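Contents: one structure, followed by commentary.
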Amino acid sequence: MSKTLLLINGPNLNLLGTREPEIYGNTTLADVEDAAQKQTDDLGIKLHTFQSNHEGAIIDRIHEARGNCQFIIINPGGLTHTSVALRDALLGVEIPFLELHVSNVHAREPWRHHSYLSDKAVGVICGLGVFGYTAAIDFVAHKLGASKSAKP
Ligand SMILES: O=C1C[C@@](O)(C(=O)O)C[C@@H](O)[C@@H]1O
């Protein structure tokens, strides 16, 4: 069975690497996606990446993944703290997902401590910087039984 992973980045993550670098670092989203591509190629996992600043576009992309994707890694950006609709979309397609944040949201403003997704996520990675994406993909590979010797 082919293993497909969808990596979603939400609002403002297109600015990664230039936006508030003291919080989010200097690595760009293109760098993150390139590294993710290499990592998943090595593991024999098919990767799709998607970034949007629009809640509805993200929800549409999640719906498209129904039935053809085994796992989602999502950095929902600010939608983490606001979006019932994003939660409903992820639950609606029944695809297991990891929630990921570059920064440690629990060490920031109190309103960032609440997530509409965390209680439904398989797990949450936050505060590891962009290394969180690498760690998340490693976890997904473990979950899907993918290994370094695997060929796509
Ligand atoms: O846009 C973001 C990025 C973020 O998800 C992170 O990656 O640390 C944390 C969110 O609170 C924030 O709104």
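Just the heavy atoms: all of them, side chains too, but no hydrogens, waters or symmetry mates, feed the values below. Just so it is clear, the structure is predicted and the values come from calculations on it, not from any experiment. As the structure lists them, so they are numbered: ligands from 1, and atoms in each ligand from 1.
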>> Please enumerate all residues that pass side-chain hydrogen bond (donor to acceptor under 3.5 Å, both in side chains) together with Asn53, with sequence neighbours excluded.
In response: Gln51
>> The criterion is side-chain hydrogen bond (donor to acceptor under 3.5 Å, both in side chains); which residues satisfy it with Ser103, sequence neighbours excluded?
In response: Arg108
>> Do Thr80 and Glu99 pair up side chain to side chain, a donor and an acceptor below 3.5 Å, judged on atom types alone?
In response: no
List, pair by pair, the atoms of ligand 1 and of the protein that are both N or O and lie under 3.5 Å apart, giving the separation rounded to 0.1 Å.
residue  : atom   : partner : partner atom : Å
ligand 1 : 1 (O)  : Arg19   : NH1          : 3.2
ligand 1 : 1 (O)  : Arg19   : NH2          : 3.0
ligand 1 : 5 (O)  : Asn75   : OD1          : 2.8
ligand 1 : 5 (O)  : His101  : ND1          : 2.8
ligand 1 : 7 (O)  : Asn75   : ND2          : 2.9
ligand 1 : 7 (O)  : Val102  : N            : 2.8
ligand 1 : 8 (O)  : Val102  : N            : 3.2
ligand 1 : 8 (O)  : Ser103  : N            : 2.8
ligand 1 : 8 (O)  : Ser103  : OG           : 2.6
ligand 1 : 11 (O) : His81   : NE2          : 2.7
ligand 1 : 11 (O) : Arg112  : NH1          : 2.8
ligand 1 : 13 (O) : Gly78   : N            : 3.2
ligand 1 : 13 (O) : Arg112  : NH1          : 3.1

> If you take all heavy atoms of Leu29 and Asn14, which pair is closest and at what distance?
Replying inline: CD2-CA, 4.1 Å
> Would you call Asp138 and Lys143 a salt bridge, taking side-chain N to carboxylate O under 4.0 Å as the test?
Replying inline: no
> Which residues satisfy the side-chain contact (heavy atoms from CB on, under 4.5 Å) test with Ala30, sequence neighbours excluded?
Replying inline: Thr28
